[in-house]
Amino acid sequence: MKTLQNIINGLNITQILGDHQHAMIASLEFDSRKVNVNDIFVALKGTQVDGHLYIDEVIEKGAKVIVCEVLPSNLHADVVYIQVEDTTIALGVLASNYYENPTKDLKLVGVTGTNGKTTTTTLLYQLFEKLGYPSVLVSTIRILINGDVYPTNNTTPDIVTLNRIFKEAVDRGCEYAFMEVSSHGIDQNRIAGLHYVVGAFTNITHDHLDYHKTFHNYIQAKKKFFDQLPETSYAISNLDDKNGRVMLQNTKAKKKFFTLKGDAEFKAKILESRLDGMLLDINKNELWTSLIGEFNAYNLLTVYAIAMLLGQDETEVLTSLSTLSNVDGRFQSFRTDAGAVVIVDYAHTPDALLNVINTIESIRTKNEQLITVVGCGGDRDKTKRPEMARIASSRSTLAIFTSDNPRSEDPEAILSDMEKGVEPQFFNRTLKISDRKEAIKTALKMSNKGDIILIAGKGHETYQEIKGERHHFSDVEIAHELSQQLNK
Ligand SMILES: CC(=O)N[C@H]1[C@@H](OP(=O)(O)OP(=O)(O)OC[C@H]2O[C@@H](n3ccc(=O)[nH]c3=O)[C@H](O)[C@@H]2O)O[C@H](CO)[C@@H](O)[C@@H]1O[C@H](C)C(=O)N[C@@H](C)C(=O)N[C@H](CCC(=O)O)C(=O)O
Ligand SMILES: Nc1ncnc2c1ncn2[C@@H]1O[C@H](COP(=O)(O)OP(=O)(O)OP(=O)(O)O)[C@@H](O)[C@H]1O
Ligand SMILES: N[C@H](CCC[C@H](N)C(=O)O)C(=O)O
Ligand SMILES: [Mg+2]
């Protein structure tokens with residue numbers, strides 16, 4: 001049990017009712033379904049429902065403290081009510097206090113941007129572990145605390161989970177923390193109250209307009225992360241992105257930039273590009289990496305720059321960087337038994353798809369086919385669909401449109417949204433096979449030795465969500481399994 005007084009320290013309170021001096025708290029919750037006796041419940045106005053609707057229910061379950069924006073009309077004498085202006089911000093303060101401000105004891109780096117967050121944070125984590133620092137990673141794929149895996153269901157988890165993870169990391173001796181900061185996370189204040197030493201921006205392109213409505217709002221959501229960084233921290237941004245400067249416009253943090261095309265403190269050039277890796281020049285040092293594609297040159301440059309800002313030794317960083325391997329489901333490739341190359345990539349935005357296809361173009365010869373298997377997620381930004389289909393059909397020898405995670409949507413409806421983007425001269429280059437396994441099978445059957453099969457959109461995911469239900473599904477597993485079957 002913890003004292004309420006400690007937990008509400010620093011909270012911006014509008015009004016407090018009840019005996020708050022003596023209250024003791026068992027646990028901090030914002031979901032009524034998890035509340036138990038003596039808990040503190042924070043009512044959040046969500047995207048689906050308003051948590052204030054559950055106040056009676058949690059009091060019935062024994063909650064002793066309610067934090068809310070609007071006081072309920074029926075007040076209970078033995079309950080403490082704390083009214084605040086914004087419960088999402090309040091939750092940040094409460095969570096930090098509850099877990100004893102763990103991010104003050106960590107060097108926390110946050111990476112935001114449309115693409116490259118998972119890759120950059122995972123490479124940072126791998127680098128710092130190699131350099132001998134126990135670290136923590138919070139990413140779309142997994143949470144890792146010094147090698148131990150914890151499951152996750154959001155790219156940026158809620159602020160209570162984040163503080164709990166960081167507290168455990170501190171207790172286990174971690175020094176560095178690397179986390180993805182999604183635009184949803186920023187917008188919903190899931191990062192409120194965290195202490196960052198570095199904030200990094202990868203890029204911003206088309207995604208999530210279902211949520212943010214306009215590209216302008218999407219930019220502003222990302223920018224809010226940099227606006228909130230303290231003076232003592234660094235804000236580092238991509239100079240080659242149209243909005244790279246805008247991101248840092250109002251930050252109090254020390255500004256830094258990286259570039260592949262212009263001039264900045266951190267610069268890189270691709271000297272050589274092959275199917276098995278790239279030779280890079282980073283700030284006048286040569287670096288061989290097994291990662292490929294221009295976008296990975298950006299990711300590695302970002303990692304190098306952050307390591308320099310964090311005071312690491314340049315030679316050690318470069319040596320370790322060159323030993324890092326790719327992240328699961330990001331340009332993950334293997335050769336089939338029939339001699340074609342399968343590339344599984346998490347490209348689920350038009351820009352990512354274009355980048356991956358450009359990378360493949362730069363290494364494939366003219367007489368090899370590129371067969372792209374791609375779908376678009378349901379209950380997500382619909383305007384991505386025709387764009388991704390247009391890119392896949394105009395840039396591949398054959399594009400097979402299939403299902404990604406249809407979620408609650410009709411798979412056929414998603415496919416017809418995609419088809420609207422195909423330009424008439426490319427109609428004969430497309431096929432529509434809604435069953436993803438069948439689509440992959442067809443791609444494998446139609447391929448010859450040396451051809452490239454790109455399976456885009458799901459990367460590391462090990463499920464497919466259809467009509468709200470998740471079934472086990474892995475592009476990598478299925479492609480391996482089918483490749484063996486077809487070659488028998
Ligand atoms: C649309 C969205 O972003 N939803 C996130 C949000 O939940 P919400 O606001 O929708 O919650 P809600 O259902 O309206 O409920 C409101 C409040 O009432 C509470 N409640 C609700 C029901 C009940 O019976 N009792 C109760 O107390 C809820 O616990 C909540 O506090 O806050 C939750 C806790 O932080 C998130 O887990 C949840 O993410 C959902 C699962 C999700 O799918 N989010 C996606 C869109 C997302 O956030 N993606 C980004 C990555 C995007 C990218 O860059 O690629 C991410 O960071 O994961
Ligand atoms: N720096 C980059 N710039 C553009 N595209 C990239 C970059 N890094 C990776 N990609 C492409 O975007 C895909 C997603 O990469 P990654 O998972 O690192 O991004 P993310 O920002 O974490 O995505 P999410 O928002 O889903 O968490 C990759 O599979 C690759 O195709
Ligand atoms: N973080 C992204 C992941 C998309 C992955 C793709 N496979 C899909 O299901 O749309 C999102 O939630 O929009
Ligand atoms: Mg990610």
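Hydrogens, waters and symmetry mates are skipped; everything else that's a heavy atom, side chains included, is used.
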Looking just at side-chain N and O atoms, do N115 and T349 make a donor-acceptor pair shorter than 3.5 Å?
-> yes
Closest approach of I145 to C174 (non-hydrogen atoms, all atoms of both residues) = CG2-SG, 3.9 Å
Answer yes if the side chains of H206 and T383 hold a donor-acceptor pair under 3.5 Å, and no otherwise.
-> yes
Would you check if the distance from the ring center of H348 to the ring center of Y346 is below 6.0 Å?
-> yes
Between K269 and E286, is there a side-chain N and carboxylate O pair less than 4.0 Å apart?
-> no
Which word best sums up how the rings of H184 and H208 line up, parallel for under 30°, tilted for 30 to 60°, or perpendicular for over 60°?
-> perpendicular
Near K167 NZ, under 6.0 Å, is it more than 12 heavy atoms from other residues, nucleotides or ligands?
-> yes
Sidechain-backbone polar pair: K255 side chain, L248 backbone, donor-acceptor under 3.5 Å | yes
List the atom of F426, the atom of S394, and the distance in Å for their closest heavy-atom pair.
-> CE1-CB, 3.4 Å
Would you mind checking if D379 and R407 are paired as a salt bridge, meaning a charged N to carboxylate O distance below 4.0 Å?
-> no
Would you call R390-E387 a salt bridge at under 4.0 Å N-O?
-> yes
Thinking salt bridges, do D31 and R33 make one under a 4.0 Å N-O criterion?
-> yes
Mind checking the CG-OH spacing from L127 to Y133? Nearest 0.5 Å is all I need.
-> 10.0 Å
Are a donor atom and an acceptor atom from the side chains of T155 and T140 found within less than 3.5 Å of each other?
-> yes
Ionic contact status for R172 with D148, cut-off 4.0 Å = yes
Atom pair CD/CG of E180 and N154 - distance to nearest 0.5 Å = 11.0 Å
Tell me yes or no: between the side chains of N296 and N299, is some donor less than 3.5 Å from an acceptor?
-> yes
Mind checking the OG1-CG spacing from T372 to L454? Nearest 0.5 Å is all I need.
-> 4.5 Å
Ion pair present between K45 and D86, side-chain N to carboxylate O less than 4.0 angstrom?
-> no
Going by atom types only, do Y150 and E168 share a side-chain donor-acceptor pair under 3.5 Å?
-> yes
For S183, the option from Q188, H212, Q220, K224 that meets side-chain hydrogen bond (donor to acceptor under 3.5 Å, both in side chains) = H212
Using only heavy-atom distances, determine whether the side chains of Q332 and D345 contain a donor-acceptor pair under 3.5 Å.
-> no
Which heavy atom in L486 sits nearest to a heavy atom in K441, and how many Å separate them?
-> CD1-O, 4.1 Å
Is the charged tip of K432 near the ring of F401: under 6.0 Å from the six-membered ring centre and within 45° of its axis?
-> no
Given L137, V303, V109, the one that forms side-chain contact (heavy atoms from CB on, under 4.5 Å) with Y125 = L137
Looking at CZ of R330 and CG of L291, how far apart are the two atoms once the value is rounded to the nearest 0.5 Å?
-> 12.0 Å
Going by an N to O cut-off under 4.0 Å, is there a salt bridge joining E272 and R274?
-> yes
Using distance alone, with no hydrogens and no angle criterion, decide if D240 and T259 have a side-chain donor and acceptor under 3.5 Å apart.
-> yes
Does a donor on one side chain and an acceptor on the other come within less than 3.5 Å for D227 and Q249?
-> no
Got V111 and M179 here, is their nearest side-chain heavy-atom distance under 4.5 Å?
-> no
Roughly how far apart are L318 CG and T289 OG1, rounded to 0.5 Å?
-> 11.5 Å
With a 6.0 Å cut-off on ring centres, are F128 and F178 close enough?
-> yes
List the atom of A392, the atom of V374, and the distance in Å for their closest heavy-atom pair.
-> CB-CG1, 3.9 Å
How close do D404 and Q464 get, heavy atom to heavy atom, and via which atoms?
-> O-NE2, 2.8 Å
When K458, R380, R436, R470 are each screened for salt bridge (Lys or Arg N to Asp or Glu O under 4.0 Å) with E465, the one that passes is R470
Row check, F257 ring normal vs K267 NZ/CZ: under 6.0 Å, within 45° | no
Axial cation check for Y234 ring with K254, 6.0 Å and 45° limits = yes
First locate atom CG of L398, then atom OG1 of T430, and finally report the distance between them rounded to the nearest 0.5 Å.
-> 8.0 Å
Return yes if a side-chain donor-acceptor contact under 3.5 Å exists between T323 and K130, otherwise no.
-> yes
Short N-O contact, K284 and D281, less than 4.0 angstrom | no
Centroid-centroid distance, Y463 to F473, less than 6.0 Å = no
